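Side-chain atoms are counted along with the backbone in the values below, which use heavy atoms only and exclude waters and symmetry mates. Note that the coordinates shown come from a computational prediction; the quantities given were computed from them, not determined experimentally.
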Amino acid sequence: MWSRIARSARRSATTILRSAQTGLRSAAATRPRRRIRLIDVLRVLGLARRAVPRPVVGPKAYPQWWQRLLALVVLIALVVGIGFALAALVGLLVVVAGFLLEQAIS
C-alpha cells in the first residue's frame, strides 16, 4: 500500500497534466452537444409563449414559515417607510406654510 502511495506521489506534473487533459477530452467527446433553437431564444426573450408551470399541490402548496416571516418584515418596513414619508411631507408643508404666512404678514 505504501509503495503505491509513494509511486503516485512521484508522478511528475506533466504526467498529471496529460491524464487531466485526456480525461477532459474523453468527457467532452461523450457529452452531447445541445443545439440552440430559435424558439428557445424567442422564449427567453419573452417573444414566444412558454409552458405554464404546473401548480404546486399538497403540503408544499402553503408558504413556508420563513416566507411568512420575510413577508411580515417587508410589510413592517413598507408601513414604517411610508409613514416616515408622509410625516416628512406633512412637516414640510407645515414649514412652507409657516414661511409663506410670515412672508404674507411682513
Give every donor-acceptor pair under 3.5 Å between a side-chain atom in residues 73-89 and any protein atom, sequence neighbours left out.
none

Residue set satisfying side-chain contact (heavy atoms from CB on, under 4.5 Å) with L42, at least two apart, ordered chain then number -> L38, L47, A48
Under 3.5 Å, which donor-acceptor pairs link side chains of residues 50-57 to any protein atom two or more places apart or in another chain?
unit_1: R50; atom_1: NE; unit_2: R43; atom_2: O; d: 3.3
unit_1: R50; atom_1: NH2; unit_2: R43; atom_2: O; d: 3.4

Out of curiosity, [X] [atom1] to [Y] [atom2], how far, rounded to the nearest 0.5 Å?
X: Q64; Y: L70; atom1: CD; atom2: CG; answer: 13.0 Å
X: Y62; Y: R68; atom1: OH; atom2: CZ; answer: 9.5 Å
X: L100; Y: I105; atom1: CG; atom2: CD1; answer: 11.0 Å

Would you say the side chain of V95 lies within less than 4.5 Å of the side chain of F99, judging by non-hydrogen atoms?
->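 A side-chain contact is absent here, since even the closest heavy-atom pair is not under 4.5 Å.
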Do other residues, nucleotides or ligands put more than 12 heavy atoms under 6.0 Å from the CD atom of Q67?
-> yes
